[in-house]
Amino acid sequence: LMSAVGMPGHRVTSVPTGIDPSRFRPGDPCEARARLGLEREVPLIGIVATVRSWKGHIFLLEAFAQLKPHGWKLAVVGDGPSLGAAVDRAHALGISDRVVFAGQQSNPELWLQAMDIVCQPSYANEGVSQAVLQAMMTGRPVIATPVGATQEAVRHGETGIIVPPSDSACLASAIRDLVDHAPRRRTLGERAREMALAEYSLSTMADRMERVFNTARERRHGRRPTDARRRSDRRAQCRSRPLSGSARGNGHASAHHQCQRGVTAPRGAVTAVDVITDRDVIPSRPSADGIRPRGEITCKPTCSWRSPTGC
């Protein structure tokens, strides 16, 4: 938004999609594996994402192959255009007997509970990954890459581990460290859950959106926000970034939200709405058939958010 229409950064507020803490909650991994028909006592490393090249599945498979036999298995949850290549790579690496390709699943919360370590080794096209936030809400330690806005949630050494993208050796080292240190896994998972509850829950998202719209309403009526609200807005402001959304398949990758001239936001989209004055906001015009589109927010010059198809 800042680069497309020149909007100053202090007027952009990003509101990440909230995660349901009652659905994505900590659980016993052994019991979760038993419910899924997996070996109860075999610990699990996993990834929940649409299987696309930039999600880094190949690097995760290569990293897993570098680990010495340790009794762990790898679960790949999700479907996508690169699934065949991932299966072929696992065969080539000789680890097919230790990798579970689960495909598309309707219960990602149970799969996350079954995992002891969650990896998200993307090297491009990420905002704030829903899978990462869901894993954190589930209380699982996350190993991720500094792509998009991931580091706002995964703080290295505090709520997870950050490794360079496209580097299977570094990824293998990080996995090995968590495999060998159960207390460290537990501490990272607990801190991740605490942060997810504080910053990425559904209620937090609703509070932030309410604050944005209340501030806009005050400015529309010629009143400046209270000092406390201005301070809160400043704390909430961050650089403009893609928002997270659901991907086709398992629904856990992120979709970019972007601003384009003459394109309106689809109804129901969660957008990063700037606190803008009444002079900036204009009502969307009716379409050719005379019907005014619903759920649209348009700002001069006829510029609005949309979520492109695909992830």
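For the numbers below, each heavy atom of this structure counts, side chains included, while hydrogens, waters and symmetry mates do not. Note that the structure is predicted; figures quoted are calculated from it, not measured.
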Any side-chain heavy-atom pair from [X] and [Y] closer than 4.5 angstrom?
X	Y	result
Ile45	Cys119	yes
Trp72	Ile117	yes
Glu190	Pro26	no
Phe64	Ile175	no
Gln130	Ile19	yes
Ile47	Met115	no
Leu188	Leu178	yes
Pro16	Arg208	yes

Quick one, Met195 with Tyr200, criterion side chain to side chain contact (heavy atoms under 4.5 Å, CB included). Give me CA distance, side-chain angles, the key distance, then yes/no.
CA-CA 8 Å; Met195 182 175 183; Tyr200 298 104; 4.2 Å; yes

Would a distance-only check, ignoring hydrogens and angles, find a side-chain to backbone donor-acceptor pair under 3.5 Å from [X] to [Y]?
X	Y	answer
His156	Ile162	yes
Gln113	Arg25	yes
Thr50	Arg52	no
Thr150	Pro146	no
Thr145	Tyr123	no
Arg23	Glu109	no
Ser82	Ala85	no
Arg193	Met137	yes
Asn107	Leu110	no

Honestly curious: do [X] and [Y] fall in one hydrophobic cluster under the side-chain, below-4.5 Å linking rule?
X	Y	result
Val42	Val100	no
Phe59	Val147	no
Phe213	Leu202	yes

Measure the [atom1]-[atom2] distance between [X] and [Y] for me, rounded to the nearest 0.5 Å.
X	Y	atom1	atom2	answer
Arg155	Ile161	CZ	CD1	14.5 Å
Leu38	Lys73	CG	NZ	8.0 Å
Ser96	Leu74	OG	CG	11.0 Å
Arg98	His70	CZ	NE2	5.5 Å

Closest non-hydrogen atom pair between [X] and [Y], with its separation:
X	Y	answer
Val128	Ala149	CG2-CB, 3.6 Å
Thr17	Met205	CA-SD, 3.7 Å
Ile58	Ala86	CD1-CA, 4.0 Å
Trp111	Val77	CE3-CG2, 3.6 Å
Cys170	Val163	O-CG1, 4.0 Å
Ala153	Leu133	CB-CD2, 3.7 Å

Would you say CZ of Arg40 has more than 12 non-hydrogen atoms from neighbouring residues, nucleotides or ligands within 6.0 angstrom?
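Buried by this count: over 12 neighbours within 6.0 Å.
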
Crowding at CZ, Arg176 (>12 non-hydrogen neighbours, <6.0 Å):
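Enclosed: over 12 neighbouring heavy atoms sit under 6.0 Å from CZ of Arg176.
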
Before accepting this row, confirm whether a basic side-chain N of the pair Glu210/Arg217 lies closer than 4.0 Å to the acidic partner's carboxylate O.
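Salt bridge absent between Glu210 and Arg217.
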
NZ/NE/NH1/NH2 to OD/OE distance under 4.0 Å, Glu62 and Arg89
yes

How about Ser168 and Gln66: does a side-chain donor come under 3.5 Å of a side-chain acceptor?
yes

Qualifying residue, where the test is side chain to side chain donor-acceptor pair (under 3.5 Å) with Asp116 and the options are Arg140, Arg33, Arg185, Arg186:
Arg33

Step by step, would you call Arg191 with Met136 a side chain to side chain contact (heavy atoms under 4.5 Å, CB included)?
CA-CA 8 Å; Arg191 291 176 179 173; Met136 292 175 63; over 6 Å; no

